[in-house]
Amino acid sequence: MREPVLVPRLQPFTSTIFSEMTALAVRSGAINLGQGFPDTDGPRPMLDAAKEALFGGANQYPPGPGRPELRKAIAGHRARLGLHYDPDSEILVTAGATEAIAATLLALADRGDEVVVIEPYYDSYAAAIAMAGATRRAVPLVSDGNRFALDVDTLRAAVTPATKAILLNSPHNPTGTVFTRAELEAVAAVCIEHDLVAVQDEVYEHLVFDDHEHIPLASLPGMRERTVSISSAGKTFNCTGWKIGWACASPELIAAVTASKQFLTFVSGGPLQPAVAYALEHELGWVEQLRTSLAAKRDRLSQGLREAGFTVWPSAGTYFVCADVRPLGFADAEELAWQLPERAGVTAVPITGLTDHPDEWNHVLRFAFCKRDDVLDEAVERLHQLRSIAPSGVDQARTR
Ligand SMILES: *Cc1c(COP(=O)(O)O)cnc(C)c1O
């Protein structure tokens with residue numbers, strides 16, 4: 001066989017940092033705070049609805065755009081936010097948010113086109129842009145010590161005549177940033193000025209804490225017709241393995257996304273679709289409890305990480321909190337992430353693999369708090385060992 005077999009544009013994507021860290025956690029018996037999946041199930045009636053559908057004959061191809069009751073439930077769910085979509089022409093059910101993102105980028109970005117992403121970015125964004133043959137331009141979030149904020153000037157500077165779309169994720173994985181109205185208005189202004197499509201990944205739309213507010217870009221003036229809004233049941237209903245996602249947009253945009261989606265998977269998750277429809281219509285009370293419980297877990301892990309010696313950025317949403325490793329005397333978060341299972345019996349994810357400027361992010365580790373309290377407590381207890389084994393930090397930080 002000719003070597004290498006993999007086409008050049010996919011060579012950077014042979015493995016993901018999440019699967020590498022999960023494999024390491026399994027190999028070493030470490031507590032996995034690297035990958036963001038919950039360790040408890042979603043609402044029981046949703047699981048029952050899936051079982052009923054499975055034994056009730058819903059096992060053949062569902063309709064291409066998704067089962068009608070699910071599209072109707074998604075429309076109802078969006079309507080809570082004052083956003084009205086026609087279930088027949090403006091909603092497409094996908095194999096998770098991941099397929100919605102890939103299908104959107106394949107449909108909208110061609111060779112020679114550019115897509116602006118906010119970094120650190122979700123790893124599938126980079127791969128999907130590469131599969132489309134397009135080029136990504138990463139705009140780094142900037143820490144003001146208290147949160148990671150959007151740098152609007154850098155965003156403006158990243159747009160060129162070749163830019164087709166801006167892809168952003170709010171609430172934001174991995175930083176826990178929830179974009180403010182002012183930040184989203186700035187994004188909207190850039191999209192409108194340069195006639196760009198906005199793609200908003202809203203998979204954490206319900207997992208927003210304290211008095212922070214999730215604002216869909218599509219709700220801002222002039223954005224409804226140029227935004228593809230993407231979400232998924234996985235994070236909202238603790239069913240990340242189901243891969244039921246969706247895109248909402250204008251008929252023109254949905255028709256474009258459908259053109260690529262139908263030849264990626266055609267359809268998926270037949271018996272799970274009615275269960276997600278049920279959950280969207282009847283289980284938002286359960287989600288509210290999930291949100292409250294996750295806020296408490298965020299506090300629990302953030303506090304524990306601080307006591308173990310990290311500096312921790314406040315997280316306004318998602319499953320994640322970011323921690324600065326430098327106060328513990330480490331200068332290289334990536335190296336620490338590889339050593340963490342052996343040194344402390346815990347895994348976390350370095351942010352470097354999610355950026356185009358790794359040197360600027362190599363002090364940050366992402367920890368997931370979507371775990372049982374006893375798991376979080378045990379992880380924190382183990383992390384206390386780091387202080388005793390850390391190299392005498394200041395010198396190392398200066399010389400590396
Ligand atoms: C988990 C996640 C996804 C993937 O969603 P699926 O529905 O599992 O495909 C997409 N974007 C972000 C930011 C995520 O954290």
Side-chain angles (χ1 to χ4, degrees), residues 16-19 21-22 32-39 42 46 66 70 74 77 91-106 115 117-129 131 136 138 141 148 166-179 198-208 214 216-217 228-248 257 261 264-265 267-269 272-273 275-276 279-280 287 290 294 298 315-322 349 351 353-355 366-371:
T16 80
I17 189 70
F18 306 109
S19 51
M21 287 300 151
T22 294
N32 187 359
L33 301 187
Q35 208 173 22
F37 58 86
D39 54 10
M46 176 185 83
L70 177 54
I74 293 164
H77 182 247
I91 294 176
L92 177 66
V93 175
T94 56
T98 307
E99 189 195 31
I101 292 159
T104 301
L105 292 168
L106 287 168
V115 177
V117 295
I118 309 299
E119 83 170 22
Y121 43 74
Y122 188 62
D123 62 346
S124 89
Y125 299 176
I129 293 167
M131 284 190 237
R136 75 176 175 269
L141 291 176
F148 290 94
I166 298 180
L167 167 54
L168 87 163
N169 167 223
S170 180
H172 184 258
N173 169 9
T175 60
T177 286
V178 174
F179 287 109
V199 184
Q200 186 179 14
D201 175 347
E202 303 181 41
V203 298
Y204 297 100
E205 59 184 309
H206 284 281
L207 307 185
V208 174
H214 168 63
L217 252 184
V228 181
S229 306
I230 291 171
S231 194
S232 159
K235 309 292 165 51
T236 298
F237 299 111
N238 279 13
C239 57
T240 58
W242 283 16
K243 301 296 282 189
I244 302 292
W246 51 86
C248 300
V257 178
K261 183 267 183 292
L264 291 174
T265 55
V267 291
S268 59
L272 305 176
Q273 291 192 19
V276 171
L280 285 170
V287 178
L290 172 69
L294 280 171
R298 172 208 54 181
S315 166
T318 74
Y319 284 165
F320 307 110
V321 65
C322 281
V349 166
I351 300 302
L354 311 176
T355 84
R366 187 196 79 172
F367 290 87
F369 51 76
C370 51
K371 309 289 174 182

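Numbering starts at 1 and runs along the sequence shown. Ligands are counted one by one from 1 in listed order, and the atoms in each one are counted from 1 as well. The shown structure was predicted, so the numbers you read here are calculated from the model rather than taken from an experiment.
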Can the ring centres of F37 and Y319 be said to be less than 6.0 Å apart? no

[X] side-chain N/O to [Y] backbone N/O, donor-acceptor pair under 3.5 Å:
X    : Y    : answer
T318 : P171 : no
N32  : T22  : no
R366 : G34  : yes
T94  : G96  : yes

Using a 4.0 Å cut-off on heavy atoms, what residues surround ligand 1? Order them by chain and number. G96, A97, T98, Y122, N169, N173, D201, V203, Y204, S232, K235, K243

In this structure, CG of L168 is separated from OG1 of T177 (nearest 0.5 Å) by 11.5 Å

